[in-house]
Amino acid sequence: MLPVSEAQVAVLQCVSPAASVSMPITDAQGLSLSADIASTLDSPPYDKSMMDGFAVMSADILGKPSDDPIELTVQEEIMAGQVPRSPLAPGCATRIMTGAPLPEAADAVVMLEESAAGEPRDGTTYVQLRPQNFRKGQNILPRGASMKVGDTVLRQGDALTPAVIGLLAEMGFDKVDVCPPPRVAALSTGDELVDFTAQPAAGQIRNSNGPMLAAQIRAARAIPIELGIARDNESALRNAISRGIKADILLLSGGVSAGDLDLVPGVLQSLGVRQVFHKVFLKPGKPLWFGVRDSDADRSNPTLVFGLPGNPVSSFVCFELFVRPAIRKLMGRRALHRQMLSFPLAEAYTYRGGRPVYLPAVTEESEEGPCVRVLAWRGSADLRRLAEANALIQLSQEAREYASGDSVPVLSLFED
Ligand code: AMP
Ligand code: MG
């Protein structure tokens with residue numbers, strides 16, 4: 001049985017990123033950039049005021065006794081979207097709004113709260129300023145402070161998060177080169193299964209893996225192709241699998257353990273899918289099967305085929321540990337695996353040992369700070385507990401009594 005990390009490497013060795021396509025930035029959320037991006041502009045594009053207030057020359061303020069207000073002539077008013085008409089003259093201040101460009105020769109902004117209107121005289125407006133802890137350059141964001149033309153601001157493999165989409169819009173990109181989302185087919189196998197919309201008869205259960213896997217595929221930003229249920233006989237499996245291997249990835253759930261009716265590996269091999277490994281040193285998820293169908297005239301890329309264990313929690317965990325990183329590599333993402341963080345246990349936990357285990361868990365806030373709590377799960381069919389989880393605690397194979405407060409590695413299930 002392969003250790004998890006070796007199985008992950010074996011999967012990823014079979015994957016290379018898909019050829020890039022150009023896409024409107026508004027359609028590309030969650031996809032990743034297929035090339036570095038250099039800034040098209042200086043940001044901000046001009047020296048910009050960060051406050052509503054008065055643009056001043058620091059020479060007019062510094063050295064004045066701080067108790068007296070400083071009276072300056074109001075030279076002009078600049079609203080957002082307007083540009084200053086004239087450079088600031090000595091003894092003058094320009095009324096300026098947040099985000100507006102600074103007039104030439106101004107080198108600080110005094111905020112509105114530190115000003116009072118002066119007495120108008122001879123048609124001229126005055127302002128009285130009482131700046132606190134005044135310093136030259138205050139409340140100004142200089143041109144190019146956050147980025148300059150030509151700076152590499154985004155890297156190949158970066159995800160298009162909402163902030164990245166905003167940054168691309170600021171730079172005037174309407175389209176961007178990304179790796180397209182892979183198509184991932186999912187087939188549930190088993191004579192005991194009925195569609196989730198049907199009423200199970202005695203001995204039957206609903207196909208919960210089908211909709212769950214489609215949701216995991218969508219959450220990973222790939223495109224699900226739902227193949228429904230195939231019965232446990234060779235011709236049904238062969239039919240459905242022949243359709244599924246046209247996708248970028250084919251997921252099968254069930255039929256990969258050692259039972260009499262576990263026909264999936266044999267059928268896959270007869271359809272030209274080469275086994276890479278079968279069984280991983282892992283709980284839940286030991287029966288995982290993985291293989292590849294090499295590219296042919298039909299397809300330019302090989303199809304990755306995962307035989308996931310039928311038990312829902314096993315199937316879920318195998319998707320997260322092995323399928324999701326493969327999807328992300330196909331999509332050109334740089335970060336392939338889910339984040340592994342360290343949290344103290346909320347309560348003592350005894351692991352009787354055996355295989356490395358991934359336990360459904362919740363991270364939460366306690367009086368002592370963030371911690372993680374093991375859910376009282378009843379094994380690999382217990383979807384109810386998995387539904388409460390937002391993380392998986394990873395424990396090694398050794399039997400051990402973990403005390404409350406012991407730090408344990410935790411795989412976060414939050415989207416990233
Ligand atoms: P298998 O891997 O086919 O031996 O299935 C292991 C267990 O998972 C059995 O109890 C199956 O009934 C259950 N199972 C298999 N496929 C599904 C599915 N699509 N939805 C829910 N449970 C399933
Ligand atoms: Mg089965």
Side-chain angles (χ1 to χ4, degrees), residues 1-2 7 184-220 224-241 243-244 247 249-271 273 275 277-291 305-324 354-355 357-360 377-389:
M1 263 187 288
L2 276 182
V184 183
L187 175 69
S188 301
T189 72
D191 283 342
E192 75 282 27
L193 301 177
V194 295
D195 190 76
F196 71 98
T197 57
Q199 185 61 43
Q204 295 184 323
I205 56 168
R206 294 193 181 91
N207 171 19
S208 50
N209 288 353
M212 180 176 71
L213 287 169
Q216 284 178 290
I217 293 164
R218 254 181 247 113
I225 302 168
E226 290 179 71
L227 297 176
I229 300 167
R231 297 297 163 213
D232 289 319
N233 65 68
E234 282 200 31
S235 70
L237 286 169
R238 178 179 288 274
N239 264 331
I241 290 171
R243 283 195 290 144
I249 298 180
L250 169 61
L251 306 182
L252 298 136
S253 96
V256 287
S257 44
D260 283 344
L261 287 181
D262 291 332
L263 305 164
V264 166
V267 173
L268 284 171
Q269 265 158 30
S270 74
L271 286 170
V273 183
Q275 176 180 318
F277 62 77
H278 187 191
K279 297 205 171 136
V280 179
F281 192 44
L282 162 71
K283 183 178 165 176
K286 180 171 89 171
L288 177 68
W289 189 98
F290 174 67
V305 183
F306 293 87
L308 304 173
N311 266 313
V313 183
S314 316
S315 172
F316 178 93
V317 168
C318 285
F319 183 97
E320 295 302 320
L321 293 179
F322 303 101
V323 182
R324 191 175 183 272
R355 278 171 272 151
V357 67
Y358 288 79
L359 299 169
W377 75 315
R378 305 299 293 270
S380 49
D382 190 353
L383 265 182
R384 179 213 166 164
R385 291 296 177 220
L386 184 65
E388 284 176 36

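For ligands, and for the atoms within them, numbers begin at 1 and follow the listed sequence. Throughout, residue positions are numbered sequentially from 1 according to the sequence presented.
Put simply, the side chain of Leu288 does not reach to within 4.5 Å of the side chain of Leu282, judged on heavy atoms. With contacts defined as side-chain heavy-atom distances shorter than 4.5 Å, the pair Phe322/Phe306 qualifies. For the pair Pro200/Ile205, no side-chain contact is recorded, criterion being any heavy-atom separation below 4.5 Å from C-beta on.
Here the OG-CZ distance, from Ser188 to Arg206, works out to 14.5 Å after rounding to the nearest 0.5 Å. Note that the CD atom of Gln216 and the CG atom of Leu308 stand 8.5 Å from one another [nearest 0.5 Å].
Looking from atom 9 (C) of ligand 1 to the surrounding protein, the closest heavy atom is Glu192 OE2, 4.1 Å. Counting only heavy atoms of the protein, atom 6 (C) of ligand 1 lies nearest to Asn311 N, 3.7 Å. Considering only non-hydrogen protein atoms, atom 21 (C) of ligand 1 sits nearest to Ser208 OG, 3.2 Å. Nearest protein heavy-atom contact of atom 19 (N) of ligand 1 is Asn207 OD1, 2.8 Å. Summary of contacts: the protein heavy atom closest to atom 22 (N) of ligand 1 is Ile205 CD1, 3.4 Å. Distance from atom 18 (C) of ligand 1 to its nearest protein heavy atom, with residue and atom name: Asn209 ND2, 3.4 Å. The shortest contact between atom 4 (O) of ligand 1 and any protein heavy atom is with Ser257 OG, 3.4 Å.
For Gln275, the side-chain hydrogen bond (donor to acceptor under 3.5 Å, both in side chains) partners are Gln269, Trp289, not counting sequence neighbours.
In the vicinity of Ser188, heavy-atom distances shorter than 4.0 Å reach the ligand 1 atoms 19 (N). Residue Ser253 has at least one heavy-atom neighbour below 4.0 Å for each of these atoms of ligand 1: 19 (N). Counting atoms of ligand 1 from 1 in the listed order, those under 4.0 Å from a heavy atom of Arg206 are 20 (N), 21 (C).
None of Leu227, Val184, Ile225, Val273 except one satisfies the side-chain contact (heavy atoms from CB on, under 4.5 Å) rule with Leu250; the exception is Leu227.
Residue-level proximity to ligand 1 for Leu193 is carried by the side chain, the only part with a heavy atom below 4.0 angstrom.
Within a 6.0 Å radius of CD in Glu388, more than 12 heavy atoms belonging to other residues, nucleotides or ligands are found.
Between atom 3 (O) of ligand 1 and the options Gly310, Gly307, Gly255, the minimum heavy-atom separation is to Gly255.
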